[in-house]
Protein chains: 2
Amino acid sequence: MPAGASGLSRPEGGPAATARHAVTAEEVARRAGVSQSAVSRAFTPGASVAPRTREKVLAAARELGYRPNAMARTLITNRSRIIGVVMAYLDNMIYPDVLEKLAAGLQRRGYQMLLFTGFKDRHSDPVFEQVMQYRVDGLLLASTTLSSDLSDECTAAGVPVVMFNRMTEHPLCSSVTSDNRNGGRQIAEFLVAGGHRRFAYIAGAAISSTNRDREAGFREGLSRHGFSQIGYAEGNLELGDTRTAARGLFAADEPPDAVFVGSDHMALAVMEVARHEFGLRVPEDVSIVGYDDVGAADWPSFSLTSFSLPVEPMVDAAVELMMEQIESSSILSHHRVVPGCLAVRGSARLPGGPVRDRDGTLIWAPGGME
Amino acid sequence: MPAGASGLSRPEGGPAATARHAVTAEEVARRAGVSQSAVSRAFTPGASVAPRTREKVLAAARELGYRPNAMARTLITNRSRIIGVVMAYLDNMIYPDVLEKLAAGLQRRGYQMLLFTGFKDRHSDPVFEQVMQYRVDGLLLASTTLSSDLSDECTAAGVPVVMFNRMTEHPLCSSVTSDNRNGGRQIAEFLVAGGHRRFAYIAGAAISSTNRDREAGFREGLSRHGFSQIGYAEGNLELGDTRTAARGLFAADEPPDAVFVGSDHMALAVMEVARHEFGLRVPEDVSIVGYDDVGAADWPSFSLTSFSLPVEPMVDAAVELMMEQIESSSILSHHRVVPGCLAVRGSARLPGGPVRDRDGTLIWAPGGME
DNA sequence: GTTTTTTTTGCATGCGTATGCAATTTCTCG
DNA sequence: CGAGAAATTGCATACGCATGCAAAAAAAAC
């Protein structure tokens with residue numbers, strides 16, 4: 001067998017001289033026999049140009065391969081049409097989904113996305129400096145928060161901030177979340193109705209509002225039925241930590257018979273530990289419920305009962321909130337809470353209650369819950 | 001129970017007047033009692049400024065909250081320090097990973113990332129127009145190809161193009177791939193050595209070079225042992241299509257006892273179908289091997305044997321290739337092929353051969369293969 | 001202290017576009 | 001056909017910064 005070309009770099013063909021001289025509006029103007037202003041106007045929707053002139057300009061532009069320089073435009077209009085998106089990590093499978101939908105949503109409105117990610121461990125402040133230099137029209141934060149000072153700086157600079165899936169106390173940040181509290185509560189009701197007695201909660205990022213609300217809702221729902229003592233561990237949105245957390249709970253004297261895990265990303269890991277390390281049957285021995293309803297939750301191997309994060313409406317809301325503020329050039333601070341519903345599958349024992357079918361997904365809708 | 005605030009938007013606090021007047025170098029200069037040039041130089045590493053002056057400037061800048069305007073700088077330097085990244089979809093779990101590592105790599109070198117994604121169905125050409133208007137210094141394409149015309153346009157504009165995980169015939173695009181052909185070949189050898197007789201291949205995007213090479217390598221490896229007739233179906237990188245493909249194969253008169261699926265993303269779906277729809281045991285009834293070695297492949301539920309896509313070195317190579325071209329302002333067209341190795345787990349029957357442990361992962365390294 | 005060398009500074013200009021304004025053209029209508 | 005209204009066009013300027021060049025200041029050499 002030939003050794004193969006593995007690891008080798010095989011250059012083919014020499015470098016091409018690169019003119020690098022981008023075509024300017026000036027040149028197009030000369031070619032079309034008009035002024036530079038005319039060229040500008042031909043590319044500005046709604047500007048005052050005679051149709052015939054516009055045609056001439058567009059033709060010349062096409063011939064020369066002209067493309068307006070967005071940077072130069074930004075300098076004048078003071079609008080970059082770029083949104084800075086900060087997403088510290090993408091492990092949780094909802095984030096790629098969010099990213100795709102977000103990109104599509106922004107694109108549709110003529111905005112681009114400057115993405116900052118891949119700094120899970122490092123701090124996000126240096127990143128912030130970079131974002132701001134590019135004069136983004138808005139800042140969208142997911143899976144991160146901004147220190148209060150930085151939020152102030154944004155406000156001072158007139159850059160609206162929208163937090164996704166997180167809330168903040170800062171008076172001038174907007175946010176979009178799912179109804180975490182209600183979700184936690186519904187899960188509690190569901191599990192209680194399913195006849196469980198020993199509950200546990202595995203937290204995500206303990207400091208995040210999202211985690212706090214889910215936990216609070218869960219505890220609230222449980223205590224309404226007299227369950228106030230529950231197992232607790234922290235997974236930190238990290239698979240390693242999550243497994244450790246799960247092991248701790250399952251190895252206890254009185255292991256839980258129902259575990260609510262703060263996000264599917266972790267819940268799947270918990271299920272793996274339960275089954276393959278402790279030989280537990282799900283849901284016969286232990287019920288596991290997650291939050292987010294990621295794609296894999298629906299796979300037969302997992303069939304994870306999970307509270308659906310309404311990604312699409314959340315993204316829409318976030319984009320709307322952003323546009324609203326950009327267009328009105330004023331910082332608004334609205335908090336949008338999008339309702340979700342419990343996708344009932346096989347990882348938790350079913351209560352007798354009202355499980356309905358909606359678009360092929362079972363959801364649970366007890367009276368007065370919704 | 002209260003109806004809850006679901007779906008409601010609750011404004012808090014009025015809008016804040018937004019000055020929106022960003023601080024300019026001019027203002028900093030006045031405050032520091034120097035010229036605007038001095039300010040510029042204070043922020044340019046290696047520029048000619050007295051330390052004392054620089055201090056004064058930085059102090060004034062800090063007081064005023066000055067941040068250099070990257071757009072204005074771009075206009076002069078003709079360098080945006082932005083790389084356009086086009087990633088049509090993020091379903092395949094390696095892409096979020098790539099994105100994170102890429103962002104980190106670019107960030108480290110002072111580059112930002114303008115991301116275009118979420119247009120799986122739509123064509124990527126309109127997106128292209130947008131990217132180019134922002135005068136990106138380079139273009140990185142993953143999970144997409146560029147039409148030949150567009151490649152030409154990039155070259156004409158002096159914008160280097162690096163394809164990630166895809167190759168192209170175009171003479172002036174660089175590319176970074178794993179050694180797909182060798183990977184396919186190794187998998188064939190591995191499965192043959194494991195005693196399988198009836199092989200099948202499930203393709204990803206049939207037109208992509210990556211898929212072609214994996215398939216070619218697989219067929220090549222098999223035919224070397226006299227197996228030239230194999231099952232074939234197309235998953236199109238789509239879970240729905242993949243399931244259909246798998247059903248077709250497993251329902252055949254002579255179902256395969258070894259399936260190589262073009263990517264883990266699809267392989268996991270195939271495994272689900274095998275187990276839960278056909279009641280097949282993996283690997284007793286059928287062996288399944290994937291490519292990419294995504295995170296989930298290692299979960300006990302799947303324990304998917306898979307050829308590891310060397311994401312980190314690939315990203316490094318891509319970034320290097322990009323930087324090299326940007327810094328030399330010349331389009332190079334290098335093709336970098338990064339070697340990988342087979343991560344041996346439980347989804348395929350083991351051959352007697354030389355399975356070694358490396359960093360906790362079993363790999364298979366028959367003589368002369370590497 | 002003077003001359004030479006080196007470092008630092010400010011001036012002026014230009015990057016590519018958008019836009020207010022005035023000049024010009026075209027259109028409308030009597 | 002002419003006056004007025006409306007539409008179109010070009011001119012000039014500004015956006016915020018980097019940079020070549022010459023002037024000024026500081027340092028070094030004598």
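Proteins get letters first, then strands, A, B, ... in listed order; numbering begins at 1 in each. Small disclaimer: the values here were computed from a predicted structure and weren't measured.
As a whole-Å value, the separation of B:Asn69 CG from D:dC15 P is 12 Å. Rounded to an integer number of Å, the gap from CD of B:Glu26 to C1' of D:dA14 is 13 Å. With rounding to whole Å, B:Phe43 atom CZ is found 9 Å from D:dC17 atom P. Rounding to whole angstrom units, CD1 of residue B:Ile76 and P of D:dG20 are separated by 11 Å. Nucleotide D:dT8 holds its P atom 14 Å from the CD atom of A:Glu55, rounded to whole Å. In this structure, the CG atom of B:Leu75 is 12 Å from the P atom of D:dT19, given to the nearest Å.
For residues 125-158 of chain A, there are no ring-ring contact (aromatic ring centres under 6.0 Å, His included) pairs, not counting sequence neighbours. Applying the ring-ring contact (aromatic ring centres under 6.0 Å, His included) test to pairs two or more places apart or on separate chains, none has a residue in residues 145-172 of chain A.
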Go through the steps to decide whether B:Gln325 and B:Ser174 satisfy the test side chain to side chain donor-acceptor pair (under 3.5 Å), and finish with yes or no. CA-CA 10 Å; B:Gln325 298 186 64; B:Ser174 294; 3.1 Å; yes

Taking it one step at a time, do A:Thr210 and A:Ser208 satisfy side chain to side chain donor-acceptor pair (under 3.5 Å)? CA-CA 5 Å; A:Thr210 296; A:Ser208 79; 4.8 Å; no

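Contact annotation: A:Tyr134 does not reach the phosphate of D:dG16 (side-chain N/O to OP1 or OP2, under 4.0 Å).
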Using atom types as modelled, flag every donor-acceptor pair under 3.5 Å from a side chain in residues 96-106 of chain A to any protein atom, sequence neighbours excluded.
residue, atom, partner, partner atom, Å
A:Asp97, OD1, A:Lys101, NZ, 2.8
A:Asp97, OD2, A:Lys101, NZ, 3.3
A:Glu100, OE2, B:Leu90, N, 2.6

Could you list the donor-acceptor pairs under 3.5 angstrom formed between side-chain atoms of residues 31-39 of chain B and any protein atom two or more places apart in sequence or on another chain?
residue, atom, partner, partner atom, Å
B:Arg31, NE, B:Glu63, OE1, 2.8
B:Arg31, NH2, B:Glu63, OE1, 2.5
B:Ser35, OG, B:Ser37, N, 3.4
B:Ser35, OG, B:Ala38, N, 3.3

N/O to N/O distances under 3.5 Å, protein versus nucleotides 9-12 of chain D:
residue, atom, partner, partner atom, Å
D:dT9, OP1, A:Thr53, OG1, 2.0
D:dT9, OP2, A:Ala50, N, 2.8
D:dT9, OP2, A:Thr53, OG1, 3.4
D:dG10, OP2, A:Ser35, N, 3.1
D:dG10, OP2, A:Ser35, OG, 3.0
D:dG10, N7, A:Arg41, NH2, 2.7
D:dG10, O6, A:Arg41, NH2, 2.8
D:dC11, N4, A:Ser37, OG, 2.9

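Here the range on DNA chain C touched by chain B, meaning any atom under 4.0 Å from one of its heavy atoms, is C:dT8 to C:dG16.
Side-chain atoms of A:Asn165 never come within 3.5 Å of backbone atoms of A:Thr177 as a donor-acceptor pair (strictly under, hydrogens ignored). Not one N or O on the side chain of B:Ser175 forms a donor-acceptor pair closer than 3.5 Å with the backbone of B:Met163.
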